[in-house]
S.K.: 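Structure in structure tokens, see below.
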Amino acid sequence: MADAPASLSGQDVGSFAYLTIKDRIPLILTKAIDTLHRHKSEFFEKHGEEGIEAEKKAISLLSKLRNELQTDKPIIPLVENYVDTDIWNQYLEYQQSLLRESDRTPSWFYSPWLYVECYMYRRIHEAIIQSPPINDFDVFKESKDQNFFESQEPGITLCTHLQKFRSTIEDLDANQLKTEFFHLLQISLWGNKCDLSLSGGESSSQKTNLINSLEDLEPFILVNDMEHLWSLLSKCKETREKVPIVRVDIVLDNSGFELLTDLVLADFLLSTNLATEIHFYGKCIPWFVSDTTIRDFNWLIEQVRHYDHKWVSKCGVDWENYIKMGRWVYHDHMFWTLPHEYAAMSQVAPDLYAELQKACLILFKGDLNYRKLTGDRKWAFTVPFHQALSGFHPAPLCSLRTLKAEIQVGLQPGQGEQLAASDPNWLITGKYGVIQFDGPL
Ligand SMILES: O=P(O)(O)OC[C@H]1O[C@](O)(CO)[C@@H](O)[C@@H]1O
Ligand SMILES: [Mn+2]
């Protein structure tokens with residue numbers, strides 16, 4: 001990694017990283033404090049006075065955190081005794097060692113953005129786990145659920161579309177299957193517009209029917225490797241006699257509508273036999289506001305199953321069956337909520353790396369995954385994706401990401417400059433996307 005470029009950082013005044021640390025993260029903290037306030041009577045009903053005391057404690061810890069951030073205080077070690085506490089504190093020591101020569105200490109603005117932003121969500125978790133008996137409260141749960149309810153219309157359309165498609169599978173030729181695959185990949189890509197961290201926790205749901213918009217949105221896909229994915233999966237299917245299990249792994253991002261689009265894609269892969277198993281990876285703790293935890297995953301499938309609509313509830317019933325039969329497998333791993341870039345995975349979490357190696361294809365959803373894949377560094381736009389992965393190649397992989405951070409690799413010469421000239425905010429609004437593949441074909 002000797003010649004990898006510098007990390008994006010809040011040091012760069014005016015950059016998106018800087019503005020995020022200065023404005024958006026404090027707003028997210030304020031919202032979290034507000035949410036705790038609003039649940040005060042619920043805590044009281046459940047736990048009596050102890051619940052109220054816990055709420056006060058969590059709020060005071062979060063207020064302290066907001067103050068540290070806004071006054072650019074040094075990053076401090078975590079104080080609890082959770083499964084990953086030591087790893088976080090070692091990572092801080094590592095950051096300190098990088099700055100030793102400059103005589104500075106890591107602080108909110110003077111550290112890699114990826115590190116401090118992850119650390120902020122880990123500190124929110126610290127405030128909650130230090131406040132029993134409300135120590136399993138998810139401060140973002142409410143907004144995640146709201147996102148799902150606000151996207152009901154496009155959700156119904158999508159589930160109905162899937163079920164209608166499934167009833168015709170037998171009669172479809174390879175080209176028609178491919179067209180449908182491309183549609184569902186793009187829906188899963190644009191589903192990533194709906195995260196709640198970019199909007200500071202404000203509602204960011206999908207209001208329109210994506211299926212009819214795909215053609216209009218296609219010019220906004222800056223790198224589009226869908227053909228590679230199709231060739232790869234078709235090849236895997238052909239070798240099924242020798243290798244009977246074809247695994248597609250999906251590293252999930254946001255709950256709500258985005259998760260629904262991912263599950264629809266996963267259903268398609270099984271029902272067309274392009275894959276025989278889908279493995280999902282979610283977050284162990286509430287993360288970047290809208291990221292999926294096991295609770296969100298189960299909650300959404302439960303909602304879909306009980307939905308008062310024939311095709312939607314059919315999806316829910318099928319999905320529960322996939323889980324029961326072990327054709328859909330959900331994995332938890334703390335690595336996903338550590339600050340490390342993915343190039344460090346084989347060292348920091350060799351068990352997870354070995355798990356991913358079993359996949360025929362790994363789909364990485366969303367912006368944060370892209371930042372971690374590429375190390376959140378100031379790569380030139382034309383640097384090949386393979387190079388920016390800095391040795392992270394567990395299996396063929398593909399990022400489905402709408403652009404919400406100032407990083408993009410694998411573009412054509414001049415493409416980035418042209419985009420910047422026509423739309424100065426092209427990197428940060430989620431308007432553009434990539435379906436970017438790396439791996440042998
Ligand atoms: O849910 P996603 O797509 O990972 O988006 C989260 C992204 O939103 C942001 O909070 C926007 O800045 C980024 O920090 C992060 O990369
Ligand atoms: Mn997210």
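None of these values were measured; they are calculated from a predicted model. Each ligand, and each atom within it, is numbered from 1 in the order the structure gives.
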S.K.: With carbon and hydrogen excluded and only N/O/S kept, which atom of Asp253 is nearest the Mn ion (ligand 2)?
M.R.: OD1
S.K.: Find the distance between CG (Leu177) and CZ (Phe268) and round it off to the nearest 0.5 Å.
M.R.: 5.5 Å
S.K.: Once you restrict to heavy atoms under 4.0 Å, what part of Leu368 touches ligand 1? Side chain, backbone, both or neither.
M.R.: both
S.K.: Taking the six-membered ring for Trp, are the ring centroids of Phe280 and Tyr330 within less than 6.0 Å of each other?
M.R.: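 Ring centres of Tyr330 and Phe280 not closer than 6.0 Å.
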S.K.: Counting backbone and side chain alike, does Asp367 bring an N/O/S atom below 2.8 Å of the Mn ion (ligand 2)?
M.R.: no
S.K.: Is it the case that ligand 1 has an N or O less than 3.5 angstrom from some N or O of Phe288?
M.R.: no
S.K.: Within this structure, what is the CZ-CD distance for the pair Arg401 and Gln436, rounded to the nearest 0.5 Å?
M.R.: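 Answer rounded to 0.5 Å: 8.5 Å.
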S.K.: Test side chain to side chain donor-acceptor pair (under 3.5 Å) on Asp249 and His331 and set out the steps.
M.R.: CA-CA 10 Å; Asp249 287 17; His331 300 254; 5.8 Å; no
S.K.: Would you call the rings of Trp230 and Phe182 parallel, tilted or perpendicular if under 30° counts as parallel and over 60° as perpendicular?
M.R.: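 Perpendicular, since the angle between the ring planes exceeds 60°.
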S.K.: Asp291: which N/O/S atom is nearest the Mn ion (ligand 2)?
M.R.: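 Checking each N, O and S atom of Asp291, the shortest distance to the Mn ion (ligand 2) belongs to OD1.
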S.K.: The Mn ion (ligand 2) and Asn254: any N/O/S contact shorter than 2.8 Å?
M.R.: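 A backbone or side-chain N, O or S atom of Asn254 is under 2.8 Å from the Mn ion (ligand 2).
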S.K.: Can you check whether Asp367 has an N/O within less than 3.5 Å of an N/O in ligand 1?
M.R.: yes
S.K.: Out of curiosity, is Phe16 lining ligand 1, as in a heavy atom under 4.0 Å away?
M.R.: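 Contact check Phe16 vs ligand 1: positive.
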S.K.: Which residue in the set Tyr281, Tyr353, Trp336, Tyr370 passes ring pair (Phe, Tyr, Trp, His ring centres under 6.0 Å) when paired with Tyr342?
M.R.: Trp336
S.K.: When the aromatic ring centroids of Phe140 and Phe288 are compared, is their separation below 6.0 Å?
M.R.: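 Distance test on ring centres: not under 6.0 Å, no.
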S.K.: Counting only heavy atoms closer than 4.0 Å, does ligand 1 sit against the backbone of Trp113, its side chain, both, or neither?
M.R.: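 Within the 4.0 Å criterion, Trp113 contacts ligand 1 through side-chain atoms alone.
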S.K.: Has ligand 1 got any nitrogen or oxygen that is less than 3.5 angstrom from a nitrogen or oxygen of Lys404?
M.R.: yes
S.K.: Report yes if some N/O of Arg24 lies less than 3.5 Å from some N/O of ligand 1; otherwise report no.
M.R.: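 Yes, there is a polar N/O contact under 3.5 Å.
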S.K.: Which ligand 1 atoms, with their elements, are less than 4.0 angstrom from a heavy-atom of Gly366?
M.R.: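 Atoms satisfying the 4.0 Å criterion: 3 (O).
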S.K.: How would you list, by chain and number, every residue that makes a disulfide (SG to SG under 2.5 Å) with Cys159, sequence neighbours excluded?
M.R.: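 With sequence neighbours excluded, Cys159 shows a disulfide (SG to SG under 2.5 Å) to no residue whatsoever.
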S.K.: So how far is it from Gln163 CD to Thr160 OG1, rounded to the nearest 0.5 Å?
M.R.: 8.0 Å
S.K.: Does Arg38 have any salt bridge (Lys or Arg N to Asp or Glu O under 4.0 Å) partners at least two apart in sequence or in another chain, and if so, which?
M.R.: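 Checked Arg38 against salt bridge (Lys or Arg N to Asp or Glu O under 4.0 Å); matches are Asp34, Glu142.
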S.K.: Distance under 4.0 Å to a non-hydrogen atom of Asp253: what atoms of ligand 1 satisfy this?
M.R.: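 Under 4.0 Å from Asp253, ligand 1 has these atoms: 1 (O), 2 (P), 3 (O), 4 (O).
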S.K.: Is there a polar contact between ligand 1 and Glu117, counting only N or O atoms under 3.5 Å apart?
M.R.: yes
S.K.: Show me which atoms of ligand 1 lie under 4.0 Å from any heavy atom of Asn192.
M.R.: 3 (O)
